[in-house]
Amino acid sequence: MAEDANSYNLALAERVSVSQSRLNSLLRANQAVVEHLDLAIVLRRIVETAVELVGAQYGALGVLSPDGSLEQLLQVGMTPAEVSAIGHLPRGQGLVGALTDDRRPIRLRHLTDDPRSVGMPAGHPEMDSFLGVPIQVRGTSYGNLYLTNQASGEFSGEDEELVIALAATAGFAIDNARLFAETQRRQAWAMASAEVTAALLSTEEANPLALLASRTLTLSGADLVCVVRSSPDTEHLVIETACGDGEDTLEGAVFEAAGSIAASVMAGRQPRLIGDADAAELPTTPERKAGPTMAIPLVAAGHPNGALIVSRATGRGRFTAVDVEMAADFAGRVSVAFQLAKARDDQQRMLLLEDRGRIARDLHDNVIQQLFATGLDLQSVVGLLAPGALSERVSQSVDALDAAIAQIRTAIFALSSERGGRHTAARHRIIDVVNELVRALPRTPQLEFAGPVDLVVTGALADDVVAVVREGLTNVIKHASAQQVSVAVTVADGRITVEVIDDGVGIAPTENPSGLDNLRDRAFAHGGSFRATAEAVGTHLSWSVPYADTPQRDRP
């Protein structure tokens, strides 16, 4: 009896020692799992620790995507050659799928004992005993822990309990690592937002949109980022900036808005997340690749200014709701920066216009008046001088002052309004014509405007008015031999009148320049009139047409 008691006590002490040893191993395993915050390191440490804890030959941790499919598989025990021979992730069938669906541990002496087992793919190592435990994070399945080929041939109930305990710790470690990674990513997005905002508000940054696309590409782990804006015709979109795969061929590309991801988010003004499966069913548009995509509208002051399209290649991990949230926040901040930059540019333009207006007023109110007064004084001096060289020199000085006054008036008109590409005001276009032809004339023409010229003379009518001025001055250069020319454009009483008057030789009775026919045709096309009158000295061209109450728009 004493010997039996001693044997029992020794066996009990041995079991207690083994249990204590395994508990110590579990404590060390838990410590190993929680001591890192990098998610990739945490996941691999979980698998390595579980294999060591229960004496398994192979171990794997399958990470689940939001739709429940297997997104990532980290394994321990197989060689790179064996992994390459398998070639693909498990497809969620058999015991892998059962563990995902049931969310309860599965322990088998032999894999073939369970009817749900579907066998191994070609090239897969032989596996017999099996232990599978789900890993949950805040009640949601994050993934599954798979262990096979226990050293003694079978996983015990104690092995299962140890791995369940390890999985619980792993869940907290994964959650902490994910939160830490998300915090770091948010910080990176915030820093990028500050950088892009500073670039937009800086006058030194040559292409802030390229910086926006570049930072988004890096932070999102995407393969392609495009900044898409509307084209003038509103039926097409243009890729203003592209960064990533194929950026050289995409930048500047124009494509139809209908059916595109960019147009859909600009119309809805809400971000859109497209998974791998959804992306395959949608028509591929130039701004995105065929894989997972985030589409973020660039909205400011309630109006969409464009879209940020962020895409990955087919087969890469899908974007998450957190990715969309951070990208949308980033895009929103950048949109505000766009508005601030535009407001700054508008303010600078207004300051420039105000400064130009002040200069124009000073020239008109001070310089021209002083020159005019000086000219009058010189003219009075001419009357006191006897005819001769001195009188001629003073007269020439008076003529030079008149020419200077005409040139200053032209400069005043040029300062009075802003140039704007194809929307250049009619007044400016007429000044440009005069400046273009002035070298062929003895003196600078006197140019006068009256009435709301820039408001009324627009579109096709502006083209005709400019053509009339050009043709009138050209005729003076070719036929009149004039010393002085004046051009007047008047808007009054519902009509636009252009007058070109010179002091030349006049129109010969047999002369009928084709240019005059063109002027007449342009007037009749608008229901107006044209006449060329020979004066006592020179010629008076008058071209007059009615205008509509509503100003015309530029031609398309």
Side-chain angles (χ1 to χ4, degrees), residues 39 63-69 71-72 137-138 140 142 175 177-197 209 211-229 237 239 241-245 260-285 287-300 302-338:
L39 184 59
V63 179
L64 300 177
S65 66
D67 61 5
S69 61
E71 184 177 81
Q72 183 183 4
V137 177
R138 295 183 180 179
T140 302
Y142 178 83
D175 195 28
R178 289 170 65 186
L179 291 174
F180 179 72
E182 181 179 322
T183 300
Q184 287 187 313
R185 289 169 61 202
R186 289 185 184 276
Q187 290 177 344
W189 280 102
M191 291 176 63
S193 175
E195 182 180 2
V196 174
T197 299
L209 287 179
L211 180 61
L212 164 64
S214 173
R215 292 295 179 268
T216 303
L217 183 77
T218 302
L219 294 170
S220 63
D223 295 306
L224 175 65
V225 174
C226 293
V227 179
V228 180
R229 306 290 287 274
L237 299 174
I239 300 176
T241 299
C243 187
D245 296 343
S260 68
I261 303 302
S264 68
V265 298
M266 289 171 65
R269 304 180 187 179
Q270 292 294 327
R272 185 175 177 186
L273 178 61
I274 302 167
D276 222 339
D278 296 332
E281 297 177 0
L282 293 171
T284 302
T285 47
E287 83 271 27
R288 72 176 185 90
K289 301 183 79 67
T293 299
M294 292 189 296
I296 314 295
L298 298 174
V299 180
H303 299 285
N305 295 323
L308 185 66
I309 310 299
V310 187
S311 298
R312 288 174 178 163
T314 304
R316 290 198 57 198
R318 64 176 291 167
F319 295 105
T320 66
V322 174
D323 291 326
V324 176
E325 177 192 345
M326 288 188 286
D329 180 70
F330 177 61
R333 294 171 184 267
V334 171
S335 295
V336 172
F338 273 126

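Nothing fancy with the numbering, it's 1 onward along the sequence.
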Practice prompt. Decide yes or no for M294 and L308: does some side-chain heavy atom of the first lie under 4.5 Å from some side-chain heavy atom of the second?
Written response: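 They are not in contact (no side-chain heavy atoms under 4.5 Å apart), so the answer is no.
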Testing the basics here: between [X] and [Y], what is the closest heavy-atom pair and its distance to 0.1 Å?
{"X": "P292", "Y": "A313", "answer": "CD-O, 3.7 Å"}
{"X": "A328", "Y": "I296", "answer": "CA-CG2, 3.6 Å"}
{"X": "S220", "Y": "V310", "answer": "OG-CG1, 3.3 Å"}
{"X": "A213", "Y": "T241", "answer": "CB-CG2, 4.0 Å"}

Worksheet item: Does any pair with a residue in residues 306-315 pass salt bridge (charged side-chain N to carboxylate O under 4.0 Å, His left out), and if so which ones, sequence neighbours excluded?
Response: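 Salt bridge (charged side-chain N to carboxylate O under 4.0 Å, His left out) check on residues 306-315 returns no pairs.
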Worksheet item: Who pairs with D329 by side-chain contact (heavy atoms from CB on, under 4.5 Å), at least two apart in sequence or on another chain?
Response: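 Result, side-chain contact (heavy atoms from CB on, under 4.5 Å) vs D329: R333.
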Practice prompt. Quick one: list whatever passes side-chain contact (heavy atoms from CB on, under 4.5 Å) with I239, sequence neighbours left out.
Written response: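 Applying side-chain contact (heavy atoms from CB on, under 4.5 Å) to I239 gives C226, V228, A242, L250, A253, F255, P286, E287.
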Only distances under 3.5 Å count here; give the side-chain donor-acceptor pairs of residues 262-270 to other protein atoms, sequence neighbours excluded, each with its distance to 0.1 Å.
from: S264; atom 1: OG; to: I261; atom 2: O; distance (Å): 2.6
from: S264; atom 1: OG; to: R272; atom 2: NH1; distance (Å): 3.2
from: R269; atom 1: NH1; to: G302; atom 2: O; distance (Å): 2.6

Discussion item. Using side chain to side chain contact (heavy atoms under 4.5 Å, CB included), reason through R186 and V322 one step at a time and then give a plain yes or no.
Written reply: CA-CA 10 Å; R186 289 185 184 276; V322 174; 4.2 Å; yes
Item to complete: Please round to the nearest 0.5 Å and tell me the distance separating atom CG of L217 and atom OG of S311.
Response: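 Answer for the CG-OG pair, L217 versus S311, is 10.5 Å.
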Item to complete: Could you tell me the separation between the CG atom of L273 and the OG1 atom of T293, rounded to the nearest 0.5 Å?
Response: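 Reported to 0.5 Å precision, the distance equals 9.0 Å.
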Worksheet item: Residues in side chain to side chain donor-acceptor pair (under 3.5 Å) with T216, at least two apart?
Response: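 Side chain to side chain donor-acceptor pair (under 3.5 Å) list for T216, sorted by chain: empty.
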